[in-house]
Amino acid sequence: MPGFEFFGAEERKEVNDVLQTGILMRYGFDGARNGIWKSKELEGAICETFGCKYAQLVNSGTAALTAAMTSLGIGYGDEVILPAFTFVASFEAVLSVGAIPVLVDVDDTLTLSPAAVRNAITPQTKCIMPVHMCGSMADMDELVAICKEFDLLLLEDACQSIGASYKGKKLGTIGDAGTFSFDFVKTITCAEGGVVMTNREDVFLSSDGYSDHGHDHKGTDRGADLHPFIGYNFRISELHAAVGLAQINKLDTFLSIQRKNNKTLRNILSAIPEISFRRVPDEAGDSCTFLSWFLPTPEITKAVVDEMRAQGIMPGNFYWFDNNWHYISRWDHLKNSVTLNKLHPDLKAAVIHHANKDFSASDAVMSRCVSTLISLLWTDEQIQEKGTQMVTVIKKVLVEHAVTY
Ligand SMILES: *Cc1c(COP(=O)(O)O)cnc(C)c1O
């Protein structure tokens with residue numbers, strides 16, 4: 001997944017272009033910047049690469065989700081349905097606009113279960129937010145159909161799935177809006193950054209203004225800009241955009257290496273009949289940043305994870321079920337709605353309610369899942385070695401548990 005593995009001369013060149021002029025800000029200073037507009041250039045490249053009409057860069061994926069939700073008019077009293085397996089940023093962003101995060105189960109796609117989404121719809125539901133976790137996708141036909149049926153907004157958190165697609169459309173460009181993160185560990189990095197992608201002009205114009213204090217950006221004199229609404233500051237800097245520009249040119253290389261390495265590792269693990277793999281609604285569109293695999297029972301999975309930890313081969317493998325950042329089981333701060341400032345009591349109660357529901361269907365999936373991060377730097381020999389070590393551990397544990405499943 002991480003583009004930082006391929007940091008080099010191209011990134012340095014783009015950053016140096018900006019350092020030559022010293023204009024580190026993305027807006028204004030038209031003369032002094034000498035024709036260098038890295039943020040604009042990157043936005044253009046994003047539209048072209050991913051096939052959306054508009055792209056608004058911001059300074060993080062979290063900010064992109066917040067700007068997108070604000071621009072879609074999501075706020076007080078609105079419910080946003082999202083999965084119980086995601087990164088904390090997804091619900092942080094919902095809370096930041098004053099809306100209610102309604103967490104629901106995931107299925108064996110590791111993304112939103114369409115059935116769970118249906119069950120969670122109420123008159124207050126305003127938006128469905130699939131999170132395309134670990135490089136692959138939610139069942140978008142089902143989710144698009146639900147949004148049509150109930151007249152709901154669709155916001156894709158595609159922060160982890162840059163370059164993945166579903167039936168020919170890039171993830172993040174299917175819904176009313178979609179977001180990428182360009183933080184340091186994502187497929188493309190800007191160090192820190194994010195983008196709102198949309199085909200809706202109104203959503204783009206609102207994101208553009210909202211992420212820069214409500215500026216209308218109509219003229220060339222920033223001081224004379226009007227402020228049609230109250231905004232915020234989520235601006236990206238030219239230095240960050242410059243890094244992203246070099247990285248987006250390498251995306252095809254990243255994807256082809258990921259797909260090749262993923263396949264090699266998958267072939268090795270496939271030798272064990274007890275292993276199954278994540279269901280991918282459109283196999284051809286998987287960006288292959290991770291290989292996610294299942295074992296037959298939670299006990300076996302836990303034993304394999306413990307043994308891999310003991311042997312020092314766990315780094316690069318993720319057991320999300322007991323991970324602090326990505327799964328509901330460890331989000332005590334959310335379950336108790338612990339915030340530094342006061343929330344409206346109704347919102348606080350709603351958050352606590354939705355975070356403490358029954359997630360046993362998700363537990364049944366997540367407690368048997370391990371995801372292996374695919375490195376861009378692996379040699380074939382290293383994949384063979386890694387795969388063989390994993391197979392040895394898994395076989396050993398399976399033998400030890402032979403009677404229990
Ligand atoms: C990384 C990530 C984000 C947030 O991105 P930042 O740029 O780190 O703020 C949001 N959602 C998901 C699923 C992510 O993985």
Side-chain angles (χ1 to χ4, degrees), residues 1-4 39 42 46 55-70 80-97 99 101 103-104 106 109-112 127-138 140 143 154-164 171-172 174-175 177-197 207 211 232-237 239-241 243-244 247-248 258 278 286-290 292 318 320 323-328 330-331 334 362 366 369 371 373-374:
M1 165 150 103
F4 76 76
S39 307
L42 180 53
I46 288 169
Q56 176 64 41
L57 282 171
V58 289
N59 54 13
S60 76
T62 313
L65 286 169
T66 300
M69 275 186 275
T70 304
V80 177
I81 297 178
L82 71 161
F85 173 48
T86 180
F87 178 51
V88 289
S90 312
F91 64 74
E92 289 170 353
V94 177
L95 287 172
S96 76
V97 300
L103 293 122
V104 306
V106 294
T109 63
L110 305 185
T111 64
L112 275 182
C127 177
I128 296 178
M129 183 161 96
V131 185
H132 304 298
M133 284 300 276
C134 307
S136 174
M137 75 230 60
M140 292 306 286
L143 296 176
L154 182 60
L155 169 60
E156 297 173 79
D157 179 341
C159 290
Q160 291 200 6
S161 295
I162 299 172
L171 300 188
I174 299 169
T179 62
F180 289 154
S181 160
F182 303 127
D183 79 21
F184 195 57
V185 297
K186 297 304 203 283
T187 305
I188 288 177
T189 186
C190 291
E192 301 286 354
V195 68
V196 178
M197 294 175 292
S207 300
S211 56
Y232 226 89
N233 176 8
F234 291 146
R235 288 189 307 260
I236 195 166
S237 83
L239 291 172
H240 292 85
V243 176
Q247 289 260 303
I248 200 171
Q258 279 172 187
R278 167 194 195 164
D286 191 346
S287 69
C288 291
T289 56
F290 285 87
S292 295
F318 295 86
W320 308 112
N323 174 291
N324 292 343
W325 283 23
H326 291 88
Y327 187 56
I328 185 96
R330 293 291 181 94
W331 292 337
L334 179 70
S362 303
M366 300 311 301
C369 178
S371 298
L373 181 69
I374 302 298

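Here, residue 1 is the first one in the sequence, and each next residue gets the next number. We count ligands from 1, going down the list as the structure has it; atoms in each ligand are counted the same way. What you see is a predicted model, and the numbers here were worked out from it, not measured in a lab.
Scored by the salt bridge (Lys or Arg N to Asp or Glu O under 4.0 Å) test, R235 finds D212 as partners (sequence neighbours excluded).
With 3.5 Å as the limit, one finds no donor-acceptor pair spanning the side chains of S287 and S161. Judged purely by distance below 3.5 Å, without hydrogens or angles, the side chains of H132 and E156 pair a donor atom with an acceptor atom.
Looking at every heavy atom in both residues, T289 comes nearest to Q160 through OG1-O, 4.2 Å. Of all heavy-atom pairs between I236 and A241, the closest is CD1-N, 4.2 Å.
Within the 3.5 Å criterion, the main-chain N or O of V196 finds no donor-acceptor partner in the side chain of Q56.
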Between ligand 1 and the protein, give all atom pairs where both partners are nitrogen or oxygen and the distance is under 3.5 Å, as lines of names plus distance to 0.1 Å.
from: ligand 1; atom 1: 5 (O); to: S181; atom 2: OG; distance (Å): 3.2
from: ligand 1; atom 1: 7 (O); to: G61; atom 2: N; distance (Å): 2.7
from: ligand 1; atom 1: 7 (O); to: S181; atom 2: OG; distance (Å): 2.7
from: ligand 1; atom 1: 8 (O); to: D183; atom 2: OD2; distance (Å): 2.7
from: ligand 1; atom 1: 9 (O); to: G61; atom 2: N; distance (Å): 3.4
from: ligand 1; atom 1: 9 (O); to: T62; atom 2: N; distance (Å): 3.0
from: ligand 1; atom 1: 9 (O); to: T62; atom 2: OG1; distance (Å): 2.5
from: ligand 1; atom 1: 11 (N); to: D157; atom 2: OD1; distance (Å): 3.3
from: ligand 1; atom 1: 11 (N); to: D157; atom 2: OD2; distance (Å): 2.8
from: ligand 1; atom 1: 15 (O); to: Q160; atom 2: NE2; distance (Å): 2.9
from: ligand 1; atom 1: 15 (O); to: K186; atom 2: NZ; distance (Å): 3.2

